[in-house]
Amino acid sequence: MLADIISGIVASDADLLIVGRVKGVFEASALVEAVHEADPDIIITGPGDGTAGLDPVRLLFAVRPAKVLRILENGRRGLLYELRPNCIALGELSTASLMAAIRSAEDVHGICR
């Protein structure tokens with residue numbers, strides 16, 4: 001039912017097009033294959049659609065560029081996963097600056113938990 005509501009919302013916008021839909025419970029590899037074939041800009045997943053155990057980052061790497069919108073808790077909350085280029089000049093590297101860069105990258109891990 002939630003998938004039908006989301007499909008209706010998307011279909012009501014003339015600028016958006018649904019290029020594929022996977023119904024029922026499926027293997028993670030089947031979803032990744034469907035994403036690869038459809039080549040979408042955004043992938044929407046939700047509770048009860050078989051993606052509960054699937055890491056959204058795996059979907060992001062299945063096709064580029066793509067975003068994963070995960071609907072949570074009966075459609076009341078959601079998370080948007082996005083891979084995007086982000087380049088920060090580190091300047092000349094030393095042991096200390098290398099370790100600082102690694103630690104700063106580590107600090108942003110898990111923001112959506």
Side-chain angles (χ1 to χ4, degrees):
M1 184 172 161
L2 182 58
D4 292 333
I5 292 169
I6 293 170
S7 293
I9 291 168
V10 171
S12 70
D13 189 318
D15 293 338
L16 301 176
L17 174 67
I18 297 174
V19 296
R21 186 168 170 186
V22 179
K23 296 181 181 181
V25 177
F26 45 82
E27 294 291 323
S29 60
L31 179 59
V32 170
E33 183 179 323
V35 166
H36 183 71
E37 290 174 11
D39 194 28
D41 294 320
I42 187 164
I43 304 155
I44 302 171
T45 68
D49 64 5
T51 61
L54 180 62
D55 181 3
V57 175
R58 185 169 176 200
L59 291 176
L60 288 169
F61 281 108
V63 60
R64 300 262 318 215
K67 297 177 185 176
V68 176
L69 174 59
R70 175 165 273 185
I71 308 296
L72 305 172
E73 302 170 10
N74 298 321
R76 296 177 190 258
R77 296 185 60 218
L79 301 172
L80 180 64
Y81 295 84
E82 177 181 17
L83 290 179
R84 60 187 170 91
N86 186 24
C87 180
I88 300 171
L90 298 176
E92 191 170 326
L93 287 178
S94 66
T95 302
S97 65
L98 176 63
M99 293 306 295
I102 292 169
R103 286 195 176 94
S104 70
E106 183 179 60
D107 289 342
V108 298
H109 179 71
I111 289 174
C112 288
R113 289 184 182 184

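All residue numbers refer to positions in the sequence shown, counting from 1. Here the structure is a predicted model, which is why all the values come from computation and not from measurement.
Scanning all heavy atoms of the two residues, the minimum distance from V19 to P40 falls at CG2-CB, 4.2 Å.
Remark: L93 engages L90, S97 in a side chain to side chain contact (heavy atoms under 4.5 Å, CB included) (not counting sequence neighbours). Residues satisfying the side chain to side chain contact (heavy atoms under 4.5 Å, CB included) criterion with R76, sequence neighbours excluded, are absent altogether.
Interatomic distance, CD1 of I6 versus CD1 of I71, reported as 4.5 Å (0.5 Å rounding).
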Only pairs under 3.5 Å count here: list side-chain donor-acceptor contacts from residues 8-15, not counting sequence neighbours, and write none if there are none.
{"unit_1": "S12", "atom_1": "OG", "unit_2": "I9", "atom_2": "O", "d": "2.6"}
{"unit_1": "D13", "atom_1": "OD1", "unit_2": "D15", "atom_2": "N", "d": "2.8"}

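Sorted by first and then second residue, the pairs that involve residues 3-12 and meet salt bridge (Lys or Arg N to Asp or Glu O under 4.0 Å), not counting sequence neighbours, are D4-R21.
Proximity of L79 to L72: side-chain heavy atoms (C-beta onward) are separated by under 4.5 Å at one or more points.
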